[in-house]
Amino acid sequence: MTISFEPDRSAIVCVGSALVDMLAGEDDSFLETVGAAKGGMTLVEQTFIDDLVSKTANPPTVVSGGSACNTAVGVGCLGGAARFVGKRGEDELGDVFESDLVAQRVEPYLFRSASPTGRVLSVITPDAQRTMFTYLGASAEMQPGEITRKCFDGAAIVHVEGYLLFNPELMMAVLKAGKASGARISLDLASFNVVEESRELLNDIVADYIDILIANEDEAFAYTGIKDEASSLQELGRNTEIAVLKTGPRGSMILYKGEITRVEALGDGCAVDTTGAGDLWAAGFLFGLVNGYSFTKSGNLGSACGYEVCQLVGAKVEEAGWQRIKQLLPENTENI
Ligand SMILES: OC[C@H]1O[C@H](O)[C@H](O)[C@@H]1O
């Protein structure tokens, strides 16, 4: 089973926070001196990150990040038409962010702000856990008035990160312009606390705007209140064309027209770092849909991307990983 798109629509346009990830490997003692809970994400000021960076053993590795941006990069690396809509600062990190997108075949559609570019200091401890400190900066200043249909020219799918639910006016502007452009809208629920805190807005928008709803187990439970996975998926898809429930190392389930497609996870379940796993799963899945792959093949491509990103620190797939994933593309699609 496949879905079709108009022939002149091939782009996957991702909308979200333009964040630069600063990856630093440190011992637990580093976090203890900061007093941070391991594994969490804390919103902080820029000076807090600057201070921490001055104390890291080595300068952090700096790469583009942010959930929707990671998805766009995945689509670009797969060879798809990818665009990212967000807001950067007029600074060096903004330049790093933008050039990183271009290098990974993503068309940047970036607004600019006088505020510094948003950044995430991700402290990775020897147990492969990552603890994030996020300064949103310019990324949080994207204005509803800046979002026009032009952002979504040629879009087959507009993919929105759930974090945008924290900014209802901006979310509505994206959904309205995305729908008006004729694209399908995909929403990744991002985190269970996003769902819990945005329940009212979600109830308002899903039926009218969302075509593809993507959730992991925690997000699905927060949204539906249902423990049984098949029933929870049916509820997720009650008002959407496609619903996805990702169950980590147990794979994923895709609901379309009342029928569930079950997709296996890839690999042995071992992960070096799960940062970006959901973002890259979405990249593979959406790329597959736009290219006319079946739900099974699209889900398998999502699984492969999600597996490979977990084999490296940060939300990136190494070149050898992309080569392995690309074995699954057109000429060998019967294998996926
Ligand atoms: O979803 C992973 C992303 O979340 C955080 O926002 C980091 O930027 C990271 O790249």
Side-chain angles (χ1 to χ4, degrees), residues 12-23 40-50 52-53 60-76 82-102 104 106-122 130 132-148 151-152 158-175 177-178 187-191 193-194 197-198 201 275-276 278-279 282-283 314-316:
I12 297 176
V13 181
C14 302
V15 190
S17 299
L19 297 173
V20 166
D21 284 353
M22 309 170 84
L23 312 170
M41 191 284 280
T42 315
L43 287 176
V44 297
E45 289 303 321
Q46 183 199 348
T47 47
F48 187 90
I49 292 182
D50 292 346
L52 282 192
V53 167
T61 305
V62 178
V63 289
S64 61
S67 176
C69 176
N70 293 336
T71 300
V73 165
V75 172
R83 187 182 305 146
F84 175 74
V85 179
K87 197 165 213 169
R88 56 160 281 192
E90 299 268 13
D91 51 13
E92 207 179 312
L93 275 192
D95 291 342
V96 169
F97 181 84
E98 188 158 352
S99 55
D100 205 31
L101 288 193
V102 173
Q104 293 172 99
V106 177
E107 178 196 345
Y109 197 111
L110 298 173
F111 305 104
R112 290 182 178 226
S113 157
S115 299
T117 297
R119 64 207 65 185
V120 179
L121 176 65
S122 191
R130 50 117 187 86
M132 296 195 283
F133 302 91
T134 304
Y135 165 68
L136 290 173
S139 75
E141 294 176 12
M142 196 152 63
Q143 299 301 315
E146 289 172 319
I147 303 295
T148 62
C151 302
F152 308 121
V158 172
H159 177 71
V160 188
E161 65 182 35
Y163 296 110
L164 243 60
L165 289 160
F166 285 145
N167 187 339
E169 289 81 22
L170 181 61
M171 178 58 112
M172 288 314 297
V174 169
L175 296 177
L187 174 67
D188 188 318
L189 287 177
S191 154
N193 64 304
V194 168
E197 289 173 40
S198 312
L201 179 58
T275 308
D279 307 335
K316 296 288 170 218

[X] side chain near [Y] side chain, heavy-atom distance below 4.5 Å:
X: V13; Y: E107; value: no
X: V120; Y: M41; value: no
X: P116; Y: L93; value: no
X: V53; Y: P60; value: yes

Practice task
Compute whether any side-chain donor of one residue and acceptor of the other, for T117 and D91, lie under 3.5 angstrom apart.
Solution key: yes
Handout entry: Q104 (side chain) donor-acceptor with D100 (main chain) under 3.5 angstrom
Key =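 Pair found, side chain donor or acceptor close to backbone of D100.
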Practice task
For R83 and C151, indicate whether the former's side chain and the latter's backbone hold a donor-acceptor pair under 3.5 Å.
Solution key: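 Here the side-chain-to-backbone pair exists.
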Looking at every non-hydrogen atom in both residues, tell me the closest pair between [X] and [Y] and how far apart they are.
X: V158; Y: G178; result: CG2-CA, 4.2 Å
X: T134; Y: I49; result: C-CD1, 4.4 Å
X: V102; Y: P108; result: CG2-CG, 3.6 Å
X: A315; Y: N70; result: CB-ND2, 3.4 Å
X: S139; Y: L136; result: OG-O, 2.6 Å
X: G66; Y: D279; result: O-OD2, 4.5 Å

Handout entry: Over 12 non-hydrogen atoms of neighbours within 6.0 angstrom of CD in E90
Key = yes
Practice task
For the pair E161 and V194, evaluate side-chain contact (heavy atoms from CB on, under 4.5 Å) and give the outcome as yes or no after the intermediate values.
Solution key: CA-CA 10 Å; E161 65 182 35; V194 168; over 6 Å; no
Exercise for the section: List the steps, then state whether side-chain contact (heavy atoms from CB on, under 4.5 Å) holds for F84 with S64. Expected result: CA-CA 11 Å; F84 175 74; S64 61; over 6 Å; no
Look up atom [atom1] in [X] and atom [atom2] in [Y], then write down how far apart they are to the nearest 0.5 Å.
X: D188; Y: C14; atom1: CG; atom2: SG; answer: 10.5 Å
X: F166; Y: S17; atom1: CZ; atom2: OG; answer: 10.5 Å
X: I12; Y: T71; atom1: CD1; atom2: OG1; answer: 9.5 Å
X: T42; Y: L121; atom1: OG1; atom2: CG; answer: 10.5 Å
X: M132; Y: L43; atom1: CE; atom2: CG; answer: 10.5 Å
X: Y135; Y: L19; atom1: OH; atom2: CG; answer: 11.0 Å

Exercise for the section: Among R88, E141, Q143, find the one that has a side-chain hydrogen bond (donor to acceptor under 3.5 Å, both in side chains) with S113. Expected result: E141
Exercise for the section: Taking salt bridge (Lys or Arg N to Asp or Glu O under 4.0 Å) as the test, write out the residues that go with E146, two or more places apart. Expected result: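 Only K87 meet the salt bridge (Lys or Arg N to Asp or Glu O under 4.0 Å) criterion with E146.
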Exercise for the section: Name all residues meeting the salt bridge (Lys or Arg N to Asp or Glu O under 4.0 Å) criterion together with E92; count only those two or more places apart in sequence or in a different chain, and write none if there are none. Expected result: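 E92: no salt bridge (Lys or Arg N to Asp or Glu O under 4.0 Å) contacts found.
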Completion exercise
Sequence neighbours excluded, the answer for ring pair (Phe, Tyr, Trp, His ring centres under 6.0 Å) partners of F48 is F133
Practice task
List the steps and the verdict of side-chain contact (heavy atoms from CB on, under 4.5 Å) for V85 and F111.
Solution key: CA-CA 8 Å; V85 179; F111 305 104; 3.9 Å; yes
Exercise for the section: Decide side-chain contact (heavy atoms from CB on, under 4.5 Å) for I147 and M142; before the verdict, give the C-alpha distance in whole Å, the side-chain angles of both, and the deciding distance to 0.1 Å. Expected result: CA-CA 8 Å; I147 303 295; M142 196 152 63; 4.3 Å; yes
